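Written out below as structure tokens is the structure these notes cover.
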Amino acid sequence: MHARSLAVVLSLFASVPALAARPAGAAAGDFGPPQGAPIRAVLTSPPNVPPALARKFPAKVIVELEVIEKEMPISEGVNYTFWTFGGTVPGSFIRVRQGDTVEFHLKNHPSSKMPHNIDLHGVTGPGGGAASSFTAPGHESQFSFKALNEGIYVYHCATAPVGMHVANGMYGLILVEPPQGLPKVDHEFYVMQGDFYTTGKYREKGNQPFDMEKAIAEQPTYVVFNGAEGSLTGDKAMKVKTNQTVRMFVGNGGPNLVSSFHVIGAIFDKVRFEGGTSAQTNVQTTLIPAGGAAIAEFRTRVPGSYVLVDHSIFRAFNKGALAILKVDGPEDKAIYSGKELDSVYLGDRAGPNLAAVTRATESQAKGMLTLEDQVRAGQQLFAGTCSVCHQANGAGLAGVFPPLAKSDYLAADIKRSIGAVLQGLSGKITVNGQEYNSVMPPMNQLNDDEVAHIMTYVLNSWGNPGGRVTADVVKAQRAAPPAVKPATH
Amino acid sequence: MRCGILLWPALLACCGSACAAADYVVMPGGRFESALPQGPAGSVSTPVEIVPFRLRAEPITNAEFLAFVRGHAEWQRGRTPTLFADARYLLDWTAPLQPGAADAAPVVNVSWFAAKAYCESEGARLPTWLEWEYAAAADETRQDARRDPQWRQHILSWYARPSTKAPAAVGGVANRFGVQDLHGLVWEWVDDFNALFIAGDSRTQGDPDLLKFCGAGAISVIDRDSYAVLMRIALLSSLAAADSTGNLGFRCARSVDGDLP
């Protein structure tokens, strides 16, 4: 009795294969013969990913993939004859479990002009299945393989001319899940980059045939995600909410280009680069080789539109490599504020000719700085920094920007005006009898010498009383508490 | 005696209307450089000598093939062993003696065995790949137009269109030899289709193991610009002799003196 119950316990263990359950001498990832009834794989069109498997044993999984040659838009008003696995570019997403025996059926639609085959990078065996799946139009091939290695793998057609078959869109991804599955996330997406070569120019309308010359020269007309420009933008953008976890299976079909995959405004918490088992954390841009893939994961924090690009950036803005992940939800100002300030910035050396400033600096170094040096330097600095608002003639703009010419406000308190330059000025003031209520941002990019030159120039121009401001005075004023109400928002 | 019995129907068929109507064009032959290597070195072009032959000006039409299966019941759909014709054989026909498309359209969904039997029925044979390639290198004015990108683009534009409908009627523009519809209508069987040795996985073309068996012809095309031709070879390589597809037809060839196939 005791022995018998022990046997039951043992057989129970045997029916729950764990990682250690692999038969003696078998390859890692070989968990023995398939169990249970054969299972038909769920295939999905991009950007969708089949649901997680949650299966605890190796099974025989039947994959039926149909090759269809069809005309589809590659851009607005531009048609291209794609060769597809499952009617889409990239082809249907396949999801199996490590240790599964995959019975693969490749069907070539009767309307096809070309023979096709499939090389799955997740296959251990010559050609990845290519020779075994070479299929004439209107025929079907079958071969089986055991998915020994877990990871995300590219599949593609390998019929001559291989480059042309790939360039026409014949690629996709197969995920071989680890036995325990992947950690649960809120969203999984399927994105795959490809480069396309048309005889016409980028966005040239009409039917565009494949251009072998451009393909050989590796000069694509289009570089796109999921087979067409705009396939993942606007209404077709991927949609998630804030504080959700997102996993992207990102492949690169090529045929030629390597992708610098980046999501603008997001940092990948984790990337299984090259589709392998190692993970890199805190990644900005991950390199995805042609015929390679990666798994990128991150948490959404701040709502908005996140743009997926190939950061070889001309491809994004001139060849179509753009996609959108739309994140909806409440703002999190602590993480990202949105715009807090929008003001004029001219740069501290906006003026084209600052020779006088250089001369003044040299004179000062020799202890020979004259009033004339200061006025000339101040004139050039004024032109670059102040004249946009106060105008070149110091007249300002009535009611908006106060005048500096014959300014009673300036004459009344020069230190106050120095303070306005250093700390900014906001709120109501009256100049020459007119009220002004605007904001002057602090010009703290200017050093003490520069402010002294500007003030000296202003005092000696446009009917102002004259005088001279030294750097020491400015320095003291900079150290002093604000003489006037500073600029605030 | 046995031979005589076998020969009689063929001779009778040859004297019938189908044979008389068949329009064969004399192909002068001569030196020809194939897209496939023909010499000992796979990367070096070795011109071959094409012996003069005659080629049917048009692919076999539905009407012609109907006449053939009327006279050769063993080639009617449903009566042909699957060893000689797969399940797609004449699948587009509405009945075993009723083509689905126009009489003048090229017959498709025929196996290599069926095509071979047809040609034999009119005292002919299938052309070899080299004969076919030589005939198809011409355009309307030139005997060899293969260097012309427009010639290639014309071919590729047909490749690029999926065959969602039955092919149109034969009767395209004749090339310089007077042969019509070599491009732009259907794929065509050749006699030695399975000796072209383009591997199903085209990246193994340089495999030395293959070279041992298949000679230099196994490697790949010499001129990379010939990829349009390569695509046709790939199609032929994907086939087994019993296979048929919806855009694959054939035409026949025979010797110049007419008596020999």
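Below, read A as the first sequence line, B as the second, and so on, with proteins coming before strands; counting in each chain starts at 1. Small disclaimer: the values here were computed from a predicted structure and weren't measured. Below, each value reflects all heavy atoms present in this structure, side chains not excepted, and no hydrogens, waters or symmetry copies.
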Nearest heavy-atom approach of B/Leu235 to A/Pro137 is CD2-CD, 3.6 Å
inquiry  = Quick check: do A/Thr159 and B/Met231 have side-chain heavy atoms less than 4.5 Å from each other?
reply    = no
When the 4.5 angstrom heavy-atom criterion is applied to B/Ser157 and chain A, the contacting part is neither
Legend entry - Side chain proximity check, A/His139 to B/Arg88, heavy atoms < 4.5 angstrom: yes
Ranked by heavy-atom pairs below 4.5 Å to chain B, first place among A/Glu213, A/Met114, A/His116 goes to A/Met114
Cut-off 4.5 Å, heavy atoms of chain A, and the answer for B/Asp86 is side chain
For A/Pro161 and B/Tyr227 the tightest heavy-atom approach is CG-CB, 4.3 Å
Ranked by heavy-atom pairs below 4.5 Å to chain A, first place among B/Leu91, B/Leu239, B/Asp243 goes to B/Asp243
Between the OG atom in B/Ser238 and the CG atom in A/Asn108, the distance rounded to the nearest 0.5 Å is 8.0 Å
Contacts satisfying side-chain hydrogen bond (donor to acceptor under 3.5 Å, both in side chains) that involve residues 158-168 of chain B (not counting sequence neighbours) are B/Ser163-B/Asn247
ask   = For B/Lys116, does the NZ atom have more than 12 heavy-atom neighbours from other residues, nucleotides or ligands under 6.0 Å away?
value = no
Filtered by a 4.5 Å non-hydrogen cutoff, the part of residues 76-85 of chain A contacting chain B is A/Thr81, A/Trp83
Given A/Lys70, A/Glu71, A/Met164, the one with more heavy-atom pairs under 4.5 angstrom with chain B than any other is A/Met164
Most contact-rich option vs chain B, by heavy-atom pairs under 4.5 angstrom, among A/Ser132, A/Ala136, A/Ser133, is A/Ala136
